[in-house]
Amino acid sequence: MIQIPRGTYDVLPEDAFKWQKIEAAAREICARFNYKELRTPLFESTALFQRGVGDTTDIVQKEMYSFKDRGGRELTLRPEGTASIVRAYVENKLYGDPNQPQKLYYIGPMFRYERPQAGRNRQFTQFGCEALGSADPSIDAEVISLAMTFYQTLGLKKLKLVLNSLGDPESRKAHRDALIAHFKPSIGEFCDDCQQRLEKNPLRILDCKADHNHPLMATAPSIIDYLNDASRDYFNKVKAILDEMGIDYELDPTLVRGLDYYNHTTFEIMGASQGAITTLMGGGRYNGLVSELGGPETPGIGFALSIERLLLALEVEGISLNSDPALDGFVVAIGEAAEQKTPVLLNRLRLAGLTADKDYIGRKVKGQFKQADRDKAKFVVVIGDEELEQEKAVVKNMADGSQEAVAFKDLTDYLKEKI
RNA sequence: GCGGUUAUGGUGAAGUGGUUAACACACCGGAUUGUGGUUCCGGCAUGCGUGGGUUCGAUCCCCACUAACCGCCCCA
């Protein structure tokens, strides 16, 4: 048997309605916040992600699904959405559109070659928003509020917003240098991973679990102390707006996002989860990215969240998105003559706008009723020899068990009135 | 990429180196020659993830592969 590729999964009909609800909620909330959908291809030039996401990131170094097409082009299945959105923004010259900032969203599959786990797949689905063209702190708060509103609309309660600022590039560099200076003399006392991190990403040392208790951890320089005046001022404004909006957050100076393009505000929303993976959403500001990808100097901010992890969180919190799809009618045929007639009657019900079905696998009468019951049919239309002769069907109300005879020609009107 | 656990029907699962692989749910049929949700009865894995090996014989022992889950790394 040919199996589904590792790290992918099928969304079966019983789950697909949940996806529909979630996507509908996302679109509805984006409309409220005035974000417009932008659809980009599932694959892009590999160079886009190398430049956009960053050559040193894990995503680019070991997680990309890259391939060469028949024309020799180097392509990659998108591992995230922001680079594509920015590419489209630049390529379509959306910076010239009078509507600024451009407030955009996307929903779709992303691909990363990783070891699968609950909440981590090789093909997964992200809903993300990006606001390009504004460096106003209110847009930082807006994007965060949008994500929180989305989760709350779906019923999630156990949410924790974590906030940090990486500052502008100048602040970032000053802090990085300070961290390296702080840890370097004693780096031999740290785990292998941290020794690797020292040059690559010293900020990561701070949330190492193995070295959690090392005395140098507590005294490590905090990014907050290295923000220059402009960066600090910006961050304070973002926090002030969130405060006034009544959005709770926790400051975490160790919150560092994995992609190279982030600066200033970074944030995550953590949720309830069974396993080690609790990050539901991640995002931040990326003021240098548009120019890095060939556009004009343009500020940007955005977030991405995983539908898969959202579904897990909903499950952990015991929230059901179950809908209760019910059929209006189910047509039961008794005997061969009736079996000839039922498709026509059934079709008539459907054309009239009713949801209806019948048996297709030769079940006995009892079996047909059981199927009607499974489909939660409100009415069963029974047709046998006698009914054919009189051109009347026996219509049974499944809720109370009552039945009455209804002429074939009156059937749709009868059902539409009763439903 | 590294480490650990696991893999029996549509589902949840029991089980043993040797003739018929428990049980429950679901499903189909019968009791009720044309009526569901209750009850009773019957049926339902030529097969125990895939491929090798050991053995007279393997679902059960060994190896490899594949996949799922958990942890690390990292992230959504």
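Worth saying up front: this structure is predicted, and the values here are computed from it rather than measured. Naming: A, B, ... by sequence-line order, numbering from 1 per chain.
In this structure, CZ of A:Arg122 is placed 18 Å from P of B:rC74, rounded to the nearest angstrom. Rounded to whole Å, atom C1' of B:rU11 lies 13 Å from atom CG of A:Leu12. Rounding to whole angstrom units, CE of residue A:Met64 and C1' of B:rC74 are separated by 15 Å. If you measure from atom CZ of A:Arg120 to atom C1' of B:rG1, you get 12 Å, rounded to the nearest angstrom. Rounded to whole angstrom, the span from the CE atom of A:Met270 across to the P atom of B:rC74 amounts to 14 Å. A straight line from CZ of A:Arg112 to P of B:rG1 spans 17 Å, rounded to a whole angstrom. The interatomic distance linking A:Glu268 (CD) with B:rC74 (P) rounds to 13 Å, in whole Å. Rounded to a whole Å, the OH atom of A:Tyr106 is 9 Å from the P atom of B:rA76.
Counting only heavy atoms from C-beta outward, the side chains of A:Leu310 and A:Phe127 never approach each other to under 4.5 Å. A 4.5 Å side-chain heavy-atom check between A:Asp359 and A:Gln371 finds every atom pair outside the cut-off. Annotation: side chain of A:Phe33 is not in contact with side chain of A:Val143 (no heavy-atom distance under 4.5 Å).
When the side-chain nitrogen and oxygen atoms of A:Arg6 are compared with OP1 and OP2 of B:rA68, one or more of them lie within a distance under 4.0 Å.
Annotation: B:rU19 and B:rC60 have their P atoms spaced 14 Å apart (nearest Å). Atom C1' of B:rG12 sits at a distance of 35 Å from the matching atom of B:rC74, rounded to the whole Å. B:rU6 and B:rA64: their P atoms are spaced 15 Å apart (whole Å). Remark: the separation of the C1' atoms in B:rU11 and B:rU16 is 24 Å, to the nearest Å. B:rC73 and B:rG1 are spaced 9 Å apart, taking the C1' atom of each and rounding to whole Å. Nucleotides B:rC40 and B:rG49, compared at atom C1', are 38 Å apart to the nearest Å. With C1' as the reference atom, B:rU38 and B:rU8 are 33 Å apart, rounded to whole Å. Only the C1' atoms considered, B:rG15 is 25 Å distant from B:rG51, to the nearest whole Å.
Its glycosidic angle being within 90° of 0, B:rG47 falls on the syn side.
Nearer the 5' end of RNA chain B, as judged by each residue's closest nucleotide, is the contact made by A:Ile4, out of A:Ile4 and A:Gln126. Each of A:Ala304 and A:Pro116 was matched to the nucleotide of RNA chain B holding its nearest heavy atom; the match closer to the 5' end belongs to A:Pro116.
In this structure, A:Arg122 forms a cation-pi arrangement with A:Tyr113, its terminal cationic atom sitting closer than 6.0 Å to the ring centre and no more than 45° off the ring axis.
Atom CD1 of A:Ile180 is separated from atom CD1 of A:Ile187 by 10.0 Å, given to the nearest 0.5 angstrom.
Nucleotide B:rU16 forms a pair with no other nucleotide shown, judged by Watson-Crick or G-U wobble geometry with both contacts under 3.5 Å. Look at B:rA64: its Watson-Crick or wobble partner, with both distances under 3.5 angstrom, is B:rU50. Across every strand in view, B:rU59 sits unpaired, with no contact that passes the Watson-Crick or G-U test at under 3.5 angstrom.
Among the atoms of the strands shown, none is found under 4.0 Å from any heavy atom of A:Gly283. Nucleic acid contact class of A:Ile59 (heavy atoms, under 4.0 Å, all strands): none. Contacts of A:Ala372 with the nucleic acid, taken as non-hydrogen atoms under 4.0 Å apart, are absent. As judged by a 4.0 angstrom heavy-atom cut-off over every strand, A:Gly119 is placed among the base-contacting residues.
Between B:rG4, B:rC73, B:rA76, one nucleotide has an atom nearer to the side chain of A:Arg115 than all others, and that is B:rG4. Closest to the side chain of A:Gln3, from the set B:rA67, B:rA76, B:rC2, is B:rA67.
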Scoring nucleotides 26-36 of chain B by protein non-hydrogen atoms under 4.0 Å (B base, S sugar-phosphate only, - none) yields -SSSSB--BBB
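Shown are A:Tyr105, A:Tyr35, A:Tyr106; of these, the side-chain contact (heavy atoms from CB on, under 4.5 Å) with A:Glu130 is made only by A:Tyr106.
Side-chain contact annotation: A:Thr8 with A:Gln123, donor-acceptor N/O pair under 3.5 Å absent.
Around NZ of A:Lys21, the count of heavy atoms belonging to other residues, nucleotides or ligands within 6.0 Å exceeds 12.
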Kindly determine whether A:Tyr286 and A:Val86 satisfy side chain to side chain contact (heavy atoms under 4.5 Å, CB included), including the steps that lead there. CA-CA 11 Å; A:Tyr286 45 84; A:Val86 171; 4.1 Å; yes
